Chemist: 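One structure, as structure tokens, below. Some questions next.
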Amino acid sequence: MVRYFFLLFICSQLQAQQKLELYFDFDKYDLNAQAIQTLNSWIAEGKTYKVTKLYGFCDWKGSNGYNDTLALRRVNAVYDYLKKQYISVEKNIEIRGFGEDFKQSSRQEENRRVTLFYEVEQPKNTAPVSETPPPSLKDAVAQSKVGDRISLKQILFHNHSAKFMPESEPILLELLCVMEENPTLKIEIQGHICCDTENRYAYISEARARAVYTYLLRYKIDRKRMTYKGYGTQQPLFPIPERNAQEEAANRRVEIRILAR
């Protein structure tokens, strides 16, 4: 229970901060495939954004001057991509390059990043619409029946790998809490990918499903309560090849199927 309430606190803090982290390859300032995927998934949410700040960061390798320049180039790469995607950027946007002058993470890949701060705008000349928030994973499981599938949209992976991105931790913790609080619950963890017209990367979907399985196993969830399977592109929500980034993001997912309650 303590972990569950801690998770809710983390989720509320992340939501209040309204920011997006984009990670870069070592000594590079061009957007890599994973950064583009993260941006496209964010855009695919369909909200009206206004970007207010762009902060660039580097790891400690290299001189201060070099890293200051590299950080700003990373910021500019993100700025250019936003403009090409017609994302609103505040006229007096705050752009800063911190180089290596900040509290560095022990994981170097987390230091090579751009932090994007944004606001979600209400449509002009339209009264704010009160929307019912989607149910939490706990509520979704409570309302489910055997055979139902529940998407875990917040589980994100590094490009072409089964390595979790840091943003995945809250939903993994929530899934762990759900399994602990429902001792008779049995699930199949399903991995799905997008865009693969030649079925070359189906193994990635299975590796990602196995990564979630291994995470739960590490925290003492009984292996008899879980199975995992990669479906590749066999069960897309939208036909492949997809027509846009929104459809790609929807097809690229991890789900759980309720086997027993």
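Along the sequence shown, the residues carry numbers beginning at 1. Just so it is clear, the model here is predicted, and its values are computed rather than measured.
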Chemist: Does the side chain of Tyr215 reach to within under 4.5 Å of the side chain of Leu173, using non-hydrogen atoms?
Modeler: yes
Chemist: Indicate yes or no: at least one non-hydrogen side-chain atom of Glu21 is less than 4.5 angstrom from one of Thr38.
Modeler: no
Chemist: Look up atom CE in Met179 and atom CZ in Arg225, then write down how far apart they are to the nearest 0.5 Å.
Modeler: 4.0 Å
Chemist: Report the distance from atom OG1 of Thr214 to atom CZ of Arg210, rounding to the nearest 0.5 Å.
Modeler: 7.0 Å
Chemist: For Asn111 and Gln108, which I'm curious about, is there any donor-acceptor pair between the side chains at under 3.5 Å?
Modeler: yes
Chemist: With rounding to the nearest 0.5 angstrom, report the CD1 to OG distance, Ile36 to Ser41.
Modeler: 11.5 Å
Chemist: With side chain to side chain contact (heavy atoms under 4.5 Å, CB included) as the criterion, how do Tyr86 and Ile43 come out once you've worked through the C-alpha distance, each side chain's angles and the decisive distance to 0.1 Å?
Modeler: CA-CA 10 Å; Tyr86 302 102; Ile43 294 169; over 6 Å; no
Chemist: Is there side-chain contact between Leu54 and Val114, with at least one heavy-atom pair below 4.5 Å?
Modeler: yes
Chemist: So that I can tick it off, tell me whether Lys145 and Asp148 are bridged by a salt bridge, with the cut-off set at under 4.0 angstrom between side-chain N and carboxylate O.
Modeler: yes
Chemist: Check each of Thr227, Ile221, Ile189 against Tyr213 using the side-chain contact (heavy atoms from CB on, under 4.5 Å) test, and report the only one that passes.
Modeler: Ile189
Chemist: Identify the two heavy atoms, one from Pro135 and one from Ala140, that lie closest to each other, and give their separation to 0.1 Å.
Modeler: CB-N, 4.3 Å
Chemist: Do Ile171 and Phe164 pass the side chain to side chain contact (heavy atoms under 4.5 Å, CB included) test, and can you show the C-alpha distance, the side-chain angles, and the key distance before you say yes or no?
Modeler: CA-CA 11 Å; Ile171 190 63; Phe164 295 118; over 6 Å; no
Chemist: Does a side-chain heavy-atom distance below 4.5 Å link Tyr231 with Ile193?
Modeler: no
Chemist: Is there a chain of hydrophobic side chains (I, L, V, M, F, W, Y, each step under 4.5 Å between heavy atoms) that links Val254 to Leu175?
Modeler: yes
Chemist: Determine whether a donor-acceptor pair (N or O, by modelled atom type, separation under 3.5 Å) exists between the side chain of Asp196 and the backbone of Tyr201.
Modeler: yes
Chemist: Starting from the C-alpha separation in whole Å, work towards a yes-or-no answer on side chain to side chain contact (heavy atoms under 4.5 Å, CB included) for Arg112 and Lys28.
Modeler: CA-CA 9 Å; Arg112 302 187 287 268; Lys28 302 292 184 183; over 6 Å; no
Chemist: Using side-chain heavy atoms (C-beta onward) and a distance below 4.5 Å, is Phe117 in contact with Ile93?
Modeler: no
Chemist: Is the shortest heavy-atom distance from the side chain of Asn244 to the side chain of Gln246 under 4.5 Å?
Modeler: yes
Chemist: Any side-chain to backbone donor/acceptor pair from Ser88 onto Lys50? Under 3.5 Å, distance only.
Modeler: no
Chemist: Salt bridge check, Glu255 against Arg257: does any charged N sit closer than 4.0 Å to a carboxylate O?
Modeler: no
Chemist: Check for me, please, whether Leu237 and Leu152 land in the same ILVMFWY cluster - side-chain distances under 4.5 Å, paths through other members count.
Modeler: no
Chemist: Tell me, please, which residues at least two apart from Glu45 pass salt bridge (charged side-chain N to carboxylate O under 4.0 Å, His left out).
Modeler: Lys47
Chemist: To the nearest 0.5 Å, what is the distance between CD1 on Ile155 and CZ on Arg208?
Modeler: 11.0 Å
Chemist: Identify whether Val212 and Ile187 are in the same connected component of the hydrophobic contact network (ILVMFWY, side-chain heavy atoms under 4.5 Å).
Modeler: yes
Chemist: Using modelled atom types only, decide if a donor and an acceptor are shared between the side chain of Asn251 and the backbone of Phe238 within a distance under 3.5 Å.
Modeler: yes
Chemist: Would you say Arg253's side chain and Pro236's backbone share a donor-acceptor pair under 3.5 angstrom?
Modeler: no
Chemist: Determine whether Leu156 and Leu20 fall in the same hydrophobic cluster, where Ile, Leu, Val, Met, Phe, Trp and Tyr are linked whenever their side-chain heavy atoms lie under 4.5 Å apart.
Modeler: no
Chemist: State, yes or no, whether a side-chain contact exists between Leu72 and Ile95 at a heavy-atom distance under 4.5 Å.
Modeler: yes
Chemist: State plainly whether the residues Glu242 and Arg252 are in salt-bridge range, i.e. N to O under 4.0 Å.
Modeler: no
Chemist: Is Thr69 reaching over with its side chain to a backbone N or O of Gly65, donor-acceptor style, under 3.5 angstrom?
Modeler: yes
Chemist: Rounded to the nearest 0.5 Å, what separation is found between the CH2 atom of Trp42 and the OH atom of Tyr49?
Modeler: 6.0 Å
Chemist: Check whether Val120 and Val89 end up in the same hydrophobic cluster, where Ile, Leu, Val, Met, Phe, Trp and Tyr are linked by side-chain heavy atoms less than 4.5 Å apart.
Modeler: yes
Chemist: Give the minimum heavy-atom separation between Tyr66 and Asp27, together with the two atoms involved.
Modeler: OH-OD1, 2.5 Å
Chemist: Kindly give the heavy-atom pair with the smallest separation between Ile258 and Ser144, and that separation in Å.
Modeler: CG1-OG, 3.6 Å
Chemist: With no hydrogens and no angle check, is any side-chain donor or acceptor of Glu109 less than 3.5 Å from a backbone partner on Phe26?
Modeler: no
Chemist: Using a 4.5 Å cut-off on heavy atoms from C-beta on, say whether the side chain of Asp30 contacts that of Asp25.
Modeler: no
Chemist: Does NZ or CZ of Arg113 lie under 6.0 Å from the centre of the six-membered ring of Phe57, at an angle within 45° of the ring axis?
Modeler: yes
Chemist: For the CD atom of Glu110 and the CD atom of Gln104, what is their distance to the nearest 0.5 Å?
Modeler: 11.0 Å
Chemist: Test side chain to side chain contact (heavy atoms under 4.5 Å, CB included) on Gln34 and Ser161 and set out the steps.
Modeler: CA-CA 10 Å; Gln34 184 61 58; Ser161 82; over 6 Å; no
Chemist: Grab the two heavy atoms, one from Phe98 and one from Ala71, that are nearest each other, plus how far apart they are.
Modeler: N-CB, 4.2 Å
